[in-house]
Amino acid sequence: MPVEEFVAGWISGALGLVLGHPFDTVKVRLQTQTTYRGIVDCMVKIYRHESLLGFFKGMSFPIASIAVVNSVLFGVYSNTLLVLTATAHQERRAQPPSYTHIFLAGCTGGFLQAYCLAPFDLIKVRLQNQTEPMAQPGSPPPQYRGPVHCAASIFREEGYRGLFRGAWALMLRDTPTMGVYFLTYEGLCRQYTPEGQNPSSATVLVAGGFAGIASWVAATPLDVIKSRMQMDGLRRRVYQGVLDCMVSSVRQEGLGVFFRGVTINSARAFPVNAVTFLSYEYLLRLWG
Ligand SMILES: C[N+](C)(C)CCCC[C@H](N)C(=O)O
């Protein structure tokens, strides 16, 4: 099994992740808390109350896990294409795979990475939602002291299955939208690249950026539900399951609830995925 896709996926994912994390924190807060009036209000409050560090809450675990998560995504994607079309990544410019194959390979990658991502994403969301200022002497300590403590407490209080809270919603979110992700990327690259050639860096940046936006817009409704399921169970269980969470969120907040965080998510998605695809393509070319 060709491994360079796995390694390229890991490195490019890490670069994108650091760049996008501050946006991600704002997004998670807007989706799960009602104290903020909008993006700017949320940013100002985080900065005033928690300093710049507040934006980077919950980042260490994603960084550690991105090696697994992104390499599974890109590695499974590329190797599924290999199985479906019998072409390795070096040959794909000359013999481009069909869009159906690209979509199916993307869905497969998305489905498998969701299982690896679930516990890490849960811990990230729990830490991002702690609004206490970091390390202030005298102030009451936050519920979770850090990622390891958070994982251990969830395990203790909610059991092994607690670590997979929201995993269903995450899988439903990622399977089709990772298909959309790769489809948009490949489609745009082909549109702006003469046949048989490699796309230019500018094309890769723009195609990667729009692939991020398109897949995130499609993913936002289930992203909101996923984040809420992950926060559920902290004090007492509110939702019976994915469907129940959808119905009660819409009842209480209207259909608009499905698009909470979509603006900030798109603003984050462009640079993150532009950088992710640029470094991915660059590394694969480097390794031939
Ligand atoms: C499928 N879904 C839309 C959820 C994600 C697509 C982009 C993934 C990328 N690592 C990022 O963090 O933006």
Side-chain angles (χ1 to χ4, degrees), residues 5-6 8-28 31 56 58-59 61-77 102-118 120-122 124-125 128 166-188 204-227 229-230 258-281:
E5 288 96 332
F6 286 93
W10 162 32
I11 300 178
S12 54
L15 287 174
L17 188 113
V18 176
L19 194 71
H21 198 77
F23 296 95
D24 195 73
T25 300
V26 175
K27 177 203 83 175
V28 167
Q31 287 179 337
F56 289 94
M59 194 178 74
F61 242 41
I63 283 285
S65 64
I66 197 85
V68 185
V69 174
N70 243 46
S71 66
V72 167
L73 173 65
F74 281 88
V76 170
Y77 168 72
I102 292 175
F103 183 75
L104 289 178
C107 293
T108 313
F111 178 77
L112 289 177
Q113 64 97 52
Y115 273 99
C116 310
L117 177 63
F120 295 109
D121 193 66
L122 171 73
K124 179 199 72 134
V125 167
Q128 283 175 318
W168 252 109
L170 185 68
M171 197 210 74
L172 291 174
R173 182 196 80 172
D174 280 8
T175 305
T177 55
M178 281 301 187
V180 171
Y181 183 61
F182 287 103
L183 201 60
T184 313
Y185 175 71
E186 272 301 319
L188 287 174
V204 170
L205 281 174
V206 173
F210 280 110
I213 294 188
S215 69
W216 271 115
V217 169
T220 301
L222 273 161
D223 189 48
V224 176
I225 302 304
K226 183 241 14 148
S227 300
M229 299 289 297
Q230 289 173 324
F258 286 137
F259 287 93
R260 279 244 204 144
V262 73
T263 315
I264 184 85
N265 227 349
S266 306
R268 170 191 171 278
F270 195 94
V272 169
N273 293 290
V275 165
T276 301
F277 272 107
L278 187 69
S279 42
Y280 177 71
E281 293 277 351

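What you see is a predicted model, and the numbers here were worked out from it, not measured in a lab. Each ligand, and each atom within it, is numbered from 1 in the order the structure gives.
- Under the 6.0 Å cut-off for aromatic ring centres, Phe277 and Phe74 qualify, their centroids lying closer than that.
- Checked by atom type and distance alone, the side chain of Thr175 never pairs as donor or acceptor with a backbone atom of Leu172 at under 3.5 Å.
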Which protein N or O atoms sit under 3.5 Å from any N or O of ligand 1? Give each pair with its distance.
| residue | atom | partner | partner atom | Å |
| --- | --- | --- | --- | --- |
| ligand 1 | 12 (O) | Arg268 | NH1 | 3.4 |
| ligand 1 | 12 (O) | Arg268 | NH2 | 2.8 |
| ligand 1 | 13 (O) | Trp216 | NE1 | 2.9 |
| ligand 1 | 13 (O) | Arg268 | NH1 | 3.1 |
| ligand 1 | 13 (O) | Asn273 | ND2 | 3.0 |

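- Ring pair Tyr185/Phe210: centre-to-centre distance not below 6.0 Å.
- For the pair Asn273 (side chain) and Ala269 (backbone), a donor-acceptor distance under 3.5 Å is present.
- Using modelled atom types and a 3.5 Å distance limit, the side chains of Lys27 and Gln31 yield no donor-acceptor pair.
- The existence of a salt bridge linking Arg260 and Asp223 is excluded, since no basic side-chain nitrogen approaches an acidic carboxylate oxygen closer than 4.0 Å.
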